[in-house]
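Before any comments, here is the structure.
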Amino acid sequence: STGEAGGENTTTPPENATSTTLIIRNLPFDWDQRKCQEFINKDHGGEYDYLLWFPPKKSQRINISSYAFVNFLTPELAQRFSSKWHTKSLAEDPSNSISIAVAKVQGFAANYIQYNHLLDGGHETLCHPFFAEESVNSLSEEEQRQAVEEAEKLRSKKREAPKEGSTVVIRNLPISFSGLDGTQDWFDGEGFKGQYDFFAFIPSKKRGSKESNPVVGLAYAFVNLVSVEAAKECIEKLHNKIVEGSEPLNVVFANLQGYEVCAKHFGGLREPGGRIETWTSKESESGATKTDFQ
């Protein structure tokens, strides 16, 4: 159960001049993401960049209505939607009045960071969020990094890391590893050249934007090896290894597993010139750019 994490501030129509994200309550219990999106698209298509529908909460027997969060492109569009639909009834459920309020989690970036993990497909859930591609591509480098870290954190909480698989995560890379190419060269030099088909590099995190600021989070990488055996060899060879005097590497099986899952997840974070860099064998063979997922 994902829960009503977005919450709400009030049951009255939002009047906040800066709010763009709303919670819509009392939707029909038998709706799903598709029906909810069709309802909003009918009169408000192209006016929002995020929509996430939730089924009725099992813990509340009295409340049999579903609900959803939607982020509009501007506060004006959000207010117009609220004014039109707050306390109105739908033809499918005339006995119920829609309730609209300002959500606690505001803006596209904050909601993407919190819910992008639901895009992976590895969750037993009825929740399948819509995120507009243009808004995903407009995320800042820091927001991209937060999205990756939050998704990995949530996966770790929900289940143990798989006992085996083809994808590994390599943490605590040296500060000198500042880009994908150099990190791949190091990995190839460790004996794994030609043994992987996907590589994602997430750079070290600094406090603030200045290059001279101290590092508060070391770089790490996701690598999908060509076989489970190759992944096991990678972990056995590199885990706890000290590279260039840095902290011992932490190499384990990733929660993201397989080429397709990795390509889909990191493909949603692509941003030409961004700091999160990716490489796939398919791109290398076709001559495509590192961030051009097919």
Could you check whether any side-chain N or O of Asp49 sits under 3.5 Å from a backbone N or O of Ser135, counting only pairs where one atom can act as donor and the other as acceptor?
no
Search all heavy atoms of Thr167 against all heavy atoms of Gln257 and return the closest pair with its distance.
O-NE2, 2.8 Å
On a heavy-atom basis, which atom in Phe54 and which in Cys127 lie closest, and how many Å separate them?
CD2-SG, 3.5 Å
State yes or no: are the ring centers of Phe131 and Tyr115 separated by less than 6.0 Å?
no
Would you call Leu119 and Pro129 a side-chain contact if the rule is heavy atoms closer than 4.5 Å?
yes
Donor-acceptor pair, side chain of Gln195 and main chain of Leu225, under 3.5 angstrom:
no
Heavy-atom nearest pair, Val251 first then Cys234, reads CG1-SG, 4.3 Å
Are Pro75 and Thr20 side-chain neighbours, meaning at least one heavy-atom pair lies under 4.5 Å?
yes
Does Asn172 use its side chain to pair, donor to acceptor, with the backbone of Pro248 at less than 3.5 Å?
yes
Side chain to side chain, Glu143 and Tyr112, heavy atoms closer than 4.5 Å:
no
Does any non-hydrogen side-chain atom of Phe222 lie less than 4.5 Å from one of Asn224?
no
Please tell me whether Phe198 and Phe266 form a close aromatic pair, meaning their ring centres lie under 6.0 Å apart.
yes
Would you say Phe253 and Lys232 make side-chain contact, with heavy atoms under 4.5 Å?
yes
For Thr87, all residues meeting side-chain contact (heavy atoms from CB on, under 4.5 Å), sequence neighbours excluded
none
Hydrophobic cluster membership, Leu173 vs Trp279, 4.5 Å side-chain cutoff
yes
Ser166 side chain near Tyr259 side chain, heavy-atom distance below 4.5 Å
no
Answer yes or no: are there more than 12 heavy-atom neighbours, outside Lys193 itself, under 6.0 Å from its atom NZ?
no
What are the two closest heavy atoms between Val169 and Arg171, and how far apart are they?
CG1-NH1, 3.7 Å
Can you check whether Tyr50 and Phe108 have ring centres sitting under 6.0 Å from each other?
no
Should the pair Glu76-Arg80 be classified as a salt bridge under the 4.0 Å nitrogen-to-oxygen rule?
no
Is there a path of hydrophobic side-chain contacts, each under 4.5 Å between heavy atoms of I, L, V, M, F, W or Y residues, that connects Ile242 with Tyr220?
no
Which heavy atom in Val70 sits nearest to a heavy atom in Leu51, and how many Å separate them?
CB-CD1, 3.9 Å
Indicate the ring-plane relationship of Phe199 and Phe187, choosing parallel, tilted or perpendicular according to the 30° and 60° boundaries.
perpendicular
More than 12 non-hydrogen atoms from neighbouring residues, nucleotides or ligands closer than 6.0 Å to NZ on Lys88, yes or no?
yes
Are Phe130 and Leu22 connected into the same hydrophobic cluster when the rule is that any two of I, L, V, M, F, W, Y join if their side-chain heavy atoms are below 4.5 Å apart?
yes
Quick check: closest heavy atoms across Ile276 and Gln144, and the distance to 0.1 Å?
CD1-CB, 3.5 Å
Side-chain heavy atoms under 4.5 angstrom apart, residues restricted to Ile, Leu, Val, Met, Phe, Trp, Tyr: same cluster for Val261 and Val226?
no
In this structure, is the centre-to-centre distance between the rings of Trp85 and Phe39 below 6.0 Å?
yes
Between Leu249 and Val243, is there a side-chain heavy-atom distance shorter than 4.5 Å?
yes
When you compare the side chain of Val102 with that of Gln106, does any pair of heavy atoms fall below 4.5 Å?
yes
